[in-house]
Protein chains: 2
Amino acid sequence: MKKARRRAARRDEGLSRERIVDAAIELLDERGEDGLTFRALAARLATGPGAIYWHIASKSELLVAATDAVVSHAMAQIVSSSTPHKAIRSIALGVYAAIDARPWVGAQLSRAPWEAAMLQILERIGRQVQAFGVRGNAQFTSASALLSYIIGVSIQNAANGRMLDPPVARADFLRTVAARWRELDAREYPFIRNVVVARLPGHDDRSEFLAGIELILAGIATSVS
Amino acid sequence: MKKARRRAARRDEGLSRERIVDAAIELLDERGEDGLTFRALAARLATGPGAIYWHIASKSELLVAATDAVVSHAMAQIVSSSTPHKAIRSIALGVYAAIDARPWVGAQLSRAPWEAAMLQILERIGRQVQAFGVRGNAQFTSASALLSYIIGVSIQNAANGRMLDPPVARADFLRTVAARWRELDAREYPFIRNVVVARLPGHDDRSEFLAGIELILAGIATSVS
DNA sequence: ACCTGAACACCGTTCAAGT
DNA sequence: ACCTGAACACCGTTCAAGT
């Protein structure tokens with residue numbers, strides 16, 4: 001009996017779309033967006049780069065599939081809430097957290113916004129907007145505005161602090177930006193210097209995000225009553 | 001006297017940061033984001049790719065500079081308005097139009113949101129939020145929410161219809177997406193099927209964008225009064 | 001000081017050849 | 001039917017050599 005030894009790069013079964021997408025997600029999480037190359041992916045799957053093309057047409061299709069898988073999972077995690085107001089908050093925070101943990105998801109959503117991932121988020125928001133009491137055409141408008149805001153802020157939050165050279169902690173980054181903006185011309189940038197610079201270093205992105213959601217919900221409420 | 005003939009690739013003066021950035025903007029406008037390569041840029045400037053590195057450190061610095069130039073110009077175009085409400089609408093539409101005309105500006109803003117371009121937009125919005133009567137910490141929150149919404153929607157709008165294969169007109173694209181979404185499972189996607197699919201083909205992105213601005217302003221107004 | 005362009009170290013994607 | 005991996009047509013960036 002031979003010892004079953006070569007476990008490292010062993011491949012129990014053939015490739016499949018699912019195995020490729022899972023490996024791509026791992027690679028994206030470990031090494032970031034630039035870390036996902038067909039060569040690195042092929043190495044992880046113990047095959048050649050060409051094999052992947054039998055199952056996936058292109059890198060962009062791979063990114064769509066990876067993003068869809070992650071968003072599906074995040075949406076499934078969301079627990080039901082007692083009021084539409086709370087439910088919308090939960091959805092917003094779920095998306096925010098998913099993109100915060102995986103910046104590449106945000107980048108991908110802004111690259112291909114008509115794909116399944118976006119659809120799932122819009123569906124959840126839409127139902128709660130209906131439950132909130134919004135009627136007629138305003139349902140579409142309200143849900144779209146919420147979706148845009150949630151995605152927009154989540155992406156910008158995730159982009160902050162990344163791609164800095166060298167990578168730094170969030171607090172240090174905010175201090176650095178605030179210090180740079182403090183040097184701006186006082187006549188040209190009064191709001192930045194007087195308001196933004198003061199609030200930037202101490203502020204919490206997540207609370208600021210939620211405050212914006214409340215603002216939009218307050219606006220929606222004025223049209224419902 | 002020799003005839004001054006070879007005008008095509010002539011270079012009157014040496015390179016400069018400004019000339020490089022202008023040429024980069026031309027290239028981005030004509031050939032899209034993928035069209036901007038150091039080789040194509042060097043060819044247009046009648047030099048070699050290495051020469052550009054004497055003036056610009058990297059491609060990402062080049063994109064930051066190009067985006068900054070375009071946003072500065074767009075902000076300078078905005079005429080003053082009679083009320084803060086109208087002024088915010090003008091700023092929003094100015095940003096929306098600039099990104100609609102140049103999708104690469106949107107992509108770049110989401111890639112490097114702490115750069116000068118974003119700063120200029122936030123400054124304009126902030127001043128109008130102050131004029132609107134918002135006080136204290138709410139100034140930062142309100143301005144941030146508006147900025148996020150404006151940038152987020154503009155980027156998503158610009159991304160729609162691009163990168164489709166083949167490129168199609170906006171109306172056709174919406175019909176295609178609506179048709180695809182109509183086939184979704186009725187139990188899983190009731191909101192998409194009943195509300196979104198019906199509104200999608202006929203709707204105007206720009207009005208929908210403005211409706212969202214009104215929603216946020218209505219929310220801000222409830223905290224001012 | 002500024003420019004040149006070959007060279008380096010990569011990419012995504014294709015495809016003839018294998019099993 | 002599925003996989004392999006060399007090859008193709010590119011990239012951004014560097015750098016020795018020029019002016």
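Just so we're on the same page: letters track the sequence lines, and every chain starts at 1.
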Hey, which sits more toward the 5' end of DNA chain D by its nearest nucleotide, Gly48(A) or Arg39(B)?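 Mapping each residue to its closest nucleotide by heavy atoms, the 5'-most match is Gly48(A).
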Thr67(A)/Glu115(A) under side chain to side chain donor-acceptor pair (under 3.5 Å): CA gap, chis, key distance, verdict: CA-CA 9 Å; Thr67(A) 302; Glu115(A) 296 291 348; over 6 Å; no
Could you give the [atom1]-to-[atom2] distance, from [X] to [N], as a whole number of Å?
X: Arg17(A); N: dC3(D); atom1: CZ; atom2: C1'; result: 18 Å
X: Phe38(A); N: dT13(C); atom1: CZ; atom2: C1'; result: 8 Å
X: Ile20(A); N: dC2(D); atom1: CD1; atom2: C1'; result: 11 Å
X: Asp34(B); N: dC11(C); atom1: CG; atom2: C1'; result: 13 Å
X: Arg31(B); N: dC10(D); atom1: CZ; atom2: P; result: 13 Å

Do side-chain atoms of Glu123(A) reach the backbone of Leu119(A) as a donor and acceptor pair under 3.5 angstrom?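 It does not hold such a pair.
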Quick check against the 3.5 Å criterion: does Arg175(B) have a side-chain atom that pairs as donor or acceptor with the backbone of Pro201(B)?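 Checked: no pair found.
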With sequence neighbours excluded, residues passing side chain to side chain donor-acceptor pair (under 3.5 Å) with Gln108(B):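 Partners of Gln108(B) by the side chain to side chain donor-acceptor pair (under 3.5 Å) criterion, ordered by chain and then number, come out as Arg111(B).
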Compute the centroid of each ring, for Tyr149(A) and then for Tyr149(B), and state whether the two points are separated by less than 6.0 Å.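 No - the distance between ring centres of Tyr149(A) and Tyr149(B) does not fall below the 6.0 Å cut-off.
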Please round to the nearest 0.5 Å and tell me the distance separating atom CG of Asp205(A) and atom CG of Asn157(A).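 Answer for the CG-CG pair, Asp205(A) versus Asn157(A), is 5.0 Å.
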State, with a plain yes or no, whether a side-chain heavy atom of His55(B) is found less than 4.5 Å away from one of Arg19(B).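 His55(B) vs Arg19(B): side chains apart.
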What is the nucleic acid contact for Leu36(B), judged by heavy atoms within less than 4.0 Å: base, sugar-phosphate only, or nothing?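 Touches sugar-phosphate only.
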Sorted by number, the residues of residues 51-64 of chain A with heavy-atom contact under 4.0 Å to DNA chain D: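 Result for residues 51-64 of chain A: Ala51(A), Trp54(A), His55(A), sorted by number.
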Residues Arg31(B) and Glu26(B) bridged, charged N to O under 4.0 Å: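 Here Arg31(B) does not pair with Glu26(B) in a salt bridge, since their nearest N and O are not under 4.0 Å apart.
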Evaluate the salt bridge (Lys or Arg N to Asp or Glu O under 4.0 Å) criterion for residues Arg17(A) and Glu61(A): first the C-alpha distance (whole Å), next the side-chain angles of each, then the deciding distance (0.1 Å), finally the verdict. CA-CA 11 Å; Arg17(A) 196 185 155 87; Glu61(A) 187 185 312; 2.7 Å; yes
Quick one: which of dC11(D), dG5(C), dG12(C) gets closest to the side chain of Thr37(A)?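 Given the options dC11(D), dG5(C), dG12(C), the side chain of Thr37(A) is closest to dG12(C).
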Identified stems (criterion: three or more consecutive Watson-Crick or G-U pairs, under 3.5 Å), DNA chain D: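 Stems (3+ consecutive pairs) listed as C:4-8 with D:12-16, C:12-16 with D:4-8.
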